[in-house]
Enquirer: 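This structure is in structure tokens; I'll ask about it shortly.
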Amino acid sequence: MLVFAKIKSVLQRIQSLKKGASIGFVPTMGALHKGHLSLIEQAKKENDIVIVSIFVNPTQFDKKEDLINYPKTIDSDLSLLKSVYCDIVFTPTAEEIYSNNITSQLFNFDGLEYQMEGKFRDGHFDGVGTIVKRLFEIVTPTKSYFGEKDFQQLQIIRKMAEKHQIPTKIIGCEIYREDDGLAMSSRNSRLTKEHRAIAPFIYKTLKKAKNEFGTKNAQEVIYWVENEFKKQPLLALEYFEIADEDTLQPIKNKDSKQKYRAFIAVFADKIRLIDNISL
Ligand code: PAF
């Protein structure tokens with residue numbers, strides 16, 4: 001496994017690959033867990049080589065303290081990557097990526113950016129678009145892998161790649177869950193014991209909401225979920241929405257031809273958890 005911190009070195013290595021070799025790319029912010037490893041394993045199966053980036057991108061954090069508190073576990077990340085036979089790891093510094101101008105490019109994601117996470121995390125998706133576009137330009141991946149836990153991010157990256165004509169195939173990968181259903185996230189390690197114990201309630205409620213959606217209209221399901229969370233003092237619901245999978249617009253009237261997904265964000269004390277389910 002080769003580890004490069006400089007753009008120049010990773011470019012050189014990529015240029016030296018056999019002509020036509022396919023590159024699978026998994027961008028991460030480190031603090032790797034089994035969810036990331038499942039993306040890497042899929043990328044290994046579908047490509048000649050796999051490149052993983054580890055970069056805690058400052059421009060996608062709307063709160064400074066979140067950036068400061070983001071877990072940094074580079075030694076264990078590198079040994080995990082070795083264990084799944086990752087070929088190349090790219091670990092740039094902020095200076096390497098942004099020179100001395102740590103700001104986001106402004107994007108138009110055709111309205112995807114104004115829904116859900118976009119309402120609560122100012123500038124977040126411009127930050128994500130900026131770094132992912134930059135990484136795509138450096139790595140020139142054949143296929144790029146993103147988890148469906150951040151489903152809105154996945155759709156925004158698809159839109160960005162399409163609008164900027166970046167020739168990589170974006171692959172969305174199913175949410176990887178703990179045995180008790182909690183979606184894997186680097187933030188889970190920051191939950192208190194008490195909050196960790198109650199956190200599977202989020203996915204349990206999503207599954208029940210999916211059932212309810214079979215017989216009830218969207219507004220009734222939304223009220224039902226809000227009520228469930230009112231009974232749960234350790235978790236504070238930020239939003240629960242049912243939206244069209246492609247446009248992410250909130251559902252108006254159920255249309256059997258449309259694909260819907262339920263999206264949720266919850267605070268477990270100060271830790272913000274998100275999840276979603278296809279309906
Ligand atoms: O999902 C993430 O970990 C990040 O948003 C990403 C895609 C690596 C961009 O920094």
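Each ligand, and each atom within it, is numbered from 1 in the order the structure gives. Because the structure is a prediction, the values reported are computed rather than measured.
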Enquirer: What protein heavy atom lies closest to atom 10 (O) of ligand 1? Include the residue and the distance to one decimal.
Expert: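 Of the protein heavy atoms, Gln60 OE1, 2.6 Å lies nearest.
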
Enquirer: Look at Asp77 together with Lys72 and state whether they make a salt bridge at an N to O cut-off of under 4.0 Å.
Expert: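 Salt bridge absent between Asp77 and Lys72.
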
Enquirer: How are the rings of Tyr98 and Phe55 set relative to one another: parallel (under 30°), tilted (30 to 60°) or perpendicular (over 60°)?
Expert: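 Aromatic pair Tyr98/Phe55 classed tilted.
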
Enquirer: Does either side chain, that of Asn101 or that of Ser99, offer a donor lying less than 3.5 Å from an acceptor on the other one?
Expert: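 No - no donor-acceptor pair under 3.5 Å links their side chains.
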
Enquirer: Output yes when the distance from some N or O of ligand 1 to some N or O of Thr28 is under 3.5 Å, and no in every other case.
Expert: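 Thr28 vs ligand 1: no N/O contact under 3.5 Å.
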
Enquirer: Assess the side chains of Thr168 and Ser144: does a donor N or O sit below 3.5 Å from an acceptor N or O?
Expert: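 Side-chain D/A pair, Thr168 to Ser144: present.
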
Enquirer: Going by the atom numbers of ligand 1, which of them fall below 4.0 Å from some non-hydrogen atom of Ile131?
Expert: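 Numbered from 1, ligand 1 contributes 9 (C), 10 (O).
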
Enquirer: What distance separates His124 NE2 from Asp150 CG, expressed to the nearest 0.5 Å?
Expert: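 Answer for the NE2-CG pair, His124 versus Asp150, is 7.0 Å.
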
Enquirer: Which ligand 1 atoms does Gln153 reach within 4.0 Å, using its non-hydrogen atoms?
Expert: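 That gives atoms 1 (O), 2 (C), 4 (C), 5 (O), 7 (C) of ligand 1.
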
Enquirer: Nearest protein heavy-atom contact for atom 3 (O) of ligand 1: which residue, which atom, what distance?
Expert: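 Ranking protein heavy atoms by distance from atom 3 (O) of ligand 1, first comes Met29 CG, 3.7 Å.
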
